Amino acid sequence: MKNVEVCLTFDLDAESAQIRREDEPVKVSKGQFAIQRGVPRILELLEKYNIKGTFFVCGWVVDKYPGTIATIRDAGHEIGAHGYLHEELDKLEFNEEVVIHEHTDKLLEELDISVKGFRAPYWKLSKNTLTIIAEMGYRYDSSFMDEDRPYIYSVPESPRNLVEFPVEWFMDDWILFETHQKSPTEVFDIWKSQFDALMEMEDLKDGKKVYTLTCHPSCIGHAYRITVLDRLIRYMKSKQARFHMMYDLAVDYLL
Ligand SMILES: [Zn+2]
């Protein structure tokens with residue numbers, strides 16, 4: 001089946017991790033770029049191509065920048081949860097973690113946002129995370145790296161299931177642009193190569209081939225980088241890729 005379903009996802013951490021670590025002001029300001037420039041540029045790009053994306057947001061960001069979250073919501077994009085202060089969930093006790101997820105959920109509810117999906121900060125889950133969010137009514141997670149297409153995950157100690165949308169570091173803008181300082185051409189080539197290979201991959205021909213890209217507004221929002229995403233979208237559109245919000249795809253697995 002020569003078809004690929006694309007999920008463009010954006011982890012909106014803003015400066016939450018820097019605040020939790022009590023970093024100095026310049027490091028904090030690097031996170032704030034997400035709000036000042038990153039989100040507006042991403043929204044403009046998605047609107048240009050009439051694409052709806054999925055934004056995983058920290059509760060602290062919802063509290064501090066409700067206007068930004070409302071703008072994303074009003075543009076019709078999906079909003080999922082991403083911790084409160086970008087915590088390392090594996091370092092938390094069960095009860096501490098419950099408070100974080102419930103608080104973030106409540107802040108989003110106050111903006112009339114009903115959350116269905118979760119992505120772990122730093123892609124680090126605790127052994128309790130998926131049980132907690134499944135019991136809260138979440139329907140999918142996007143944090144594991146064990147597959148390259150979605151699957152049903154049986155939640156431990158719960159009768160509930162989640163759909164898992166696996167991720168990978170090479171499909172993350174932060175790792176390529178910030179950690180490894182790859183050039184725009186290199187990043188485009190990696191992301192395009194993965195798309196092309198999925199398109200051709202015979203052993204994935206049963207079921208959906210899902211291309212999940214993870215970007216951060218504070219990273220991809222920079223001028224030369226947003227043009228890479230623009231070019232990638234244009235390329236994938238030329239190959240008849242279909243773009244989805246994650247929950248819309250999750251629903252097909254939950255039937
Ligand atoms: Zn994050």
Side-chain angles (χ1 to χ4, degrees), residues 7-23 27-39 41-43 46 53-66 68-69 72-73 77-92 96-97 99-101 103-105 107-108 113 115-126 128-130 132-133 138 140-145 162 164-180 187 191 212-222 225-226 229 245-247:
C7 289
L8 299 181
T9 69
F10 303 92
D11 293 359
L12 181 50
D13 314 336
E15 71 270 37
S16 56
Q18 291 90 326
I19 295 292
R20 181 173 48 75
R21 292 192 300 253
E22 300 182 357
D23 283 344
K27 276 192 181 158
V28 172
S29 75
K30 187 167 167 63
Q32 289 165 337
F33 184 85
I35 303 295
Q36 310 285 14
R37 279 280 161 246
V39 170
R41 282 193 179 137
I42 290 164
L43 292 181
L46 296 179
T54 302
F55 290 73
F56 294 99
V57 304
C58 294
W60 184 89
V61 177
V62 181
D63 214 8
K64 178 147 193 213
Y65 303 108
T68 297
I69 306 301
I72 296 169
R73 175 201 65 195
H77 303 292
E78 182 187 357
I79 295 178
H82 193 51
Y84 180 73
L85 259 179
H86 212 268
E87 295 85 0
E88 294 184 58
L89 299 177
D90 57 320
K91 297 197 165 60
L92 300 179
E96 290 175 314
E97 193 177 347
V99 169
I100 280 164
H101 298 312
H103 188 41
T104 297
D105 216 48
L107 288 164
L108 286 164
I113 295 163
V115 181
K116 303 291 185 203
F118 181 77
R119 173 170 285 152
Y122 307 106
W123 285 332
K124 281 185 182 177
L125 292 164
S126 80
N128 302 312
T129 309
L130 297 183
I132 296 169
I133 64 159
Y138 284 45
Y140 75 88
D141 170 69
S142 181
S143 311
F144 279 127
M145 301 188 182
L162 293 169
E164 176 62 32
F165 288 89
V167 291
E168 243 303 338
W169 293 117
F170 62 77
M171 296 293 285
D172 181 322
D173 64 339
W174 193 272
I175 298 302
L176 300 181
F177 281 121
E178 292 281 332
T179 309
H180 296 298
V187 176
W191 289 348
T212 299
L213 187 69
T214 299
C215 292
H216 299 76
S218 58
C219 177
I220 199 77
H222 286 284
R225 296 172 180 173
I226 198 81
L229 185 54
M245 294 186 283
M246 254 181 184
Y247 182 58

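Heads up: numbering here begins at 1 and tracks the sequence. What you see is a predicted model; the values in this text were computed from it and never measured. Indexing begins at 1, ligand by ligand and atom by atom, following the structure's order.
Between R225 and D173 no salt bridge is recorded (no basic side-chain N to carboxylate O distance below 4.0 Å).
Side-chain atoms of D90 and T129, non-hydrogen and from C-beta on, never get closer than 4.5 Å to each other.
Applying side-chain contact (heavy atoms from CB on, under 4.5 Å) to T9 and the options L213, V167, T214 leaves one that passes, T214. With F165 as the partner, the ring-ring contact (aromatic ring centres under 6.0 Å, His included) test is satisfied by one option alone out of Y140, F144, F56: Y140.
The backbone N or O of S142 sits less than 3.5 Å from a side-chain atom of R119, completing a donor-acceptor pair.
Between R73 and I113 the shortest heavy-atom distance is CD-CG1, 3.9 Å.
Among protein atoms, those of element N, O or S found less than 2.8 Å away from the Zn ion (ligand 1) are D13 OD1, D13 OD2, H82 NE2, H86 NE2.
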